[in-house]
Amino acid sequence: MVTVNLGILHYVLDHVYGAFVHRTKLSTPFFSRGWGGNKLDMLESMIRQLFPELYGQNWPPNLVEPIWRTVWETKTACLREGVFKTPCDEQLIDALPPESRSARVAFLAPKFVSPNRMACVVHLAGTGDHTFERRLRLGGPLLKENIATMVLESPFYGQRRPLLQRGAKLLCVSDLLLLGRVTIEEARSLLYWLETEGGFGKTGVCGLSMGGVHAAMVGSLHPTPVATLPFLSPHSAAVAFCEGILKHGTAWEALREDGSVHKASMTLEEVRERMRSVLSLTDVTRFPVPKNPNAVILVSATDDGYIPRHSVLELKKAWPGSEVRWVTGGHVSSFLLHNDEFRRAIVDGLNRLPWKETSL
């Protein structure tokens, strides 16, 4: 009986938090400027064209060359921050707001350990995670396991946030697709840098919530095996915006009124169907199984008001060999209380990869 009540409490906490953040007038809703017009059409077309190519996976990452500065160092560790031009093609760069065209990354690594005997995990941002700090706190204790942490600042977030955007509330639906597509390109390029320039013996990618969706896509598309670690994540953004609590923070009326849609007059249900169709492009079950599915560990919450259980199980089913670990709690409480479980998954996922061979 206590377990049931606790589960209800966690679920209710998600809804109370969601009501405060997404239903009050204190906060701008997502997509208050509509669909994004021609930009959305371009991104939909570009992403749809990818899917036949995905299964060949002949899509090598572009190498980036971050310019580094040291933030601090101790006897055992060093934190650096780097900047680099986003490695996307010109069409995507032109679609980005000017503030988002340069990427920022933090890199926390142990000192005096040979990179080929170290691992590094790229941490991607969840919704509203504008800074490096939370993800550095998640990765910091892993230094003693010889695991470095690389934290990418997402386009549209932090110092890359457009001037007119309030917080994490993207102005147009096209911004969500653009954020995802660019994050995937940048993360794959950082993994490639870690492997070729950094010489790391193992690599991985993780993220919470939205960051977990992106991490799953990166792990799927990367040409070499990486530990792939989605935490508190759905299999598709459509679940979060059309089923979970975020549906209450979406500007459905603005989307209905937006003249850029093809139909002159739309009902709210037709708007929601259009949203499901657009966000089906983020469905990770349509992506190839990662090179080493045994190194895929999903950590999900038993009573998540944002991510329904069926969504987690769909990705598990699509990627045979992957593992799901359940933590007791909701989305918000697990985000706050289960960092040790996330770290354990990172360690275990990396342990399931072989060390890369090095030439002597």
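Across all their heavy atoms, G204 and L191 have their closest contact at O-CD2, 3.5 Å. In terms of heavy-atom proximity, E195 sits nearest to K356 at CG-CE, 3.9 Å. Taking every heavy atom of both residues into account, P290 and V296 meet most closely at CG-CG2, 3.8 Å. When all heavy atoms are compared, the tightest approach of V284 to V213 is CG2-CG1, 3.9 Å. Counting all heavy atoms, side chain and backbone alike, S300 lies closest to V312 at OG-CG1, 3.2 Å. The shortest non-hydrogen separation linking S189 to N62 is OG-O, 2.5 Å.
At least one side-chain heavy atom of I297 sits less than 4.5 Å from a side-chain heavy atom of R325. Considering only heavy atoms from C-beta on, T86 stays 4.5 Å or farther from E185 through its side chain. S220 is listed as a side-chain neighbour of W319, based on a closest heavy-atom distance under 4.5 Å. By the 4.5 Å heavy-atom criterion applied to side chains, V83 and S102 are not counted as neighbours. T203 places none of its side-chain heavy atoms less than 4.5 Å from the side chain of V122. Looking only at side-chain heavy atoms (C-beta outward), T282 and L177 come within less than 4.5 Å of each other. Taking 4.5 Å as the limit, some side-chain heavy atom of L96 sits within range of a side-chain heavy atom of F156. At least one side-chain heavy atom of R134 sits under 4.5 Å from a side-chain heavy atom of L208.
One N or O on the side chain of R343 and one on the backbone of L138 form a donor-acceptor pair closer than 3.5 Å. Between the Y157 side chain and the G128 main chain, a donor and an acceptor come within less than 3.5 Å of each other. A distance-only check finds no donor-acceptor pair linking the side chain of R181 to the backbone of I47 [under 3.5 Å]. Side-chain atoms of R80 do not come within 3.5 Å of backbone N or O of W68 as any donor-acceptor pair. The main-chain N or O of N351 is never found under 3.5 Å from a side-chain atom of D348 such that the two would form a donor-acceptor pair. Distance alone, capped at 3.5 Å, is enough to place a donor-acceptor pair between the K111 side chain and the T74 backbone. Side-chain atoms of S236 never come within 3.5 Å of backbone atoms of S280 as a donor-acceptor pair (strictly under, hydrogens ignored). Judged by distance alone, the side chain of T183 and the main-chain N or O of G180 form no donor-acceptor pair under 3.5 Å. Judged by distance alone, the side chain of R276 and the main-chain N or O of A238 form no donor-acceptor pair under 3.5 Å. No donor-acceptor pair closer than 3.5 Å links the side chain of D175 to the backbone N or O of L170.
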Begin from the C-alpha positions of K291 and T224 and carry the test side-chain contact (heavy atoms from CB on, under 4.5 Å) through to its verdict. CA-CA 7 Å; K291 299 290 190 302; T224 58; over 6 Å; no
Would you check, one step at a time, whether the test salt bridge (charged side-chain N to carboxylate O under 4.0 Å, His left out) holds for E99 with R161? CA-CA 6 Å; E99 299 91 338; R161 186 179 69 191; over 6 Å; no
Might you work through the salt bridge (charged side-chain N to carboxylate O under 4.0 Å, His left out) test for E341 and R344, ending with a clear yes or no? CA-CA 5 Å; E341 292 301 321; R344 175 52 46 198; over 6 Å; no
Stepwise side-chain contact (heavy atoms from CB on, under 4.5 Å) test for L246 and Y306: CA-CA 7 Å; L246 289 183; Y306 287 77; 4.1 Å; yes
Walk me through whether V71 and R69 qualify under side-chain contact (heavy atoms from CB on, under 4.5 Å). CA-CA 6 Å; V71 178; R69 70 175 182 91; 4.0 Å; yes
Set out, in order, the CA-CA distance, both residues' side-chain angles and the distance that settles side-chain contact (heavy atoms from CB on, under 4.5 Å) for D258 and F31, then state yes or no. CA-CA 10 Å; D258 182 7; F31 317 132; over 6 Å; no
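Annotation for R33: atom CZ does not count as buried by contact number, only 12 or fewer foreign heavy atoms lying within 6.0 Å. Few gaps surround CZ on F84; more than 12 heavy atoms of other groups in view lie less than 6.0 Å from it. Surrounding CG of L163 are at most 12 heavy atoms belonging to other residues, nucleotides or ligands under 6.0 Å away. Counting non-hydrogen atoms of other residues, nucleotides and ligands closer than 6.0 Å to CD of E65 gives a total of 12 or fewer.
Residue L255 holds its CG atom at 13.5 Å from CD of E270, rounded to the nearest 0.5 Å. Note that OG1 of T131 is 10.5 Å distant from CD of Q159, once rounded to the nearest 0.5 Å. Rounding to the nearest 0.5 angstrom, the gap separating the CG atom in L179 from the OG atom in S100 is 8.0 Å. The structure places CG of L279 at 10.0 Å from CZ of R274, a figure rounded to the nearest 0.5 Å. The line from OG of S32 to CZ of R166 is 9.5 Å long, rounded to the nearest 0.5 Å. A distance of 12.0 Å separates OG of S334 from CZ of F231, quoted to the nearest 0.5 Å.
The side chain to side chain donor-acceptor pair (under 3.5 Å) test with E314 singles out one residue from H310, K316, K317, and that residue is H310.
Between F30 and F241, the two ring planes are perpendicular [angle over 60°; tilted spans 30° to 60°].
Hydrophobic clustering of Ile, Leu, Val, Met, Phe, Trp and Tyr side chains at less than 4.5 Å, counting indirect connections, keeps L108 apart from L194. Cluster membership check: W355 does not share its hydrophobic cluster with V113, using side-chain heavy-atom separations under 4.5 Å among Ile, Leu, Val, Met, Phe, Trp and Tyr. Put simply, L281 and V239 are part of two different groups of oily side chains (I, L, V, M, F, W, Y) that touch within less than 4.5 Å, one to the next. Hydrophobic clustering, with ILVMFWY side chains joined whenever heavy atoms are under 4.5 angstrom apart, groups L313 together with V327. Follow the hydrophobic side-chain contacts under 4.5 Å out from I147 and you never reach V151; the two are in separate clusters.
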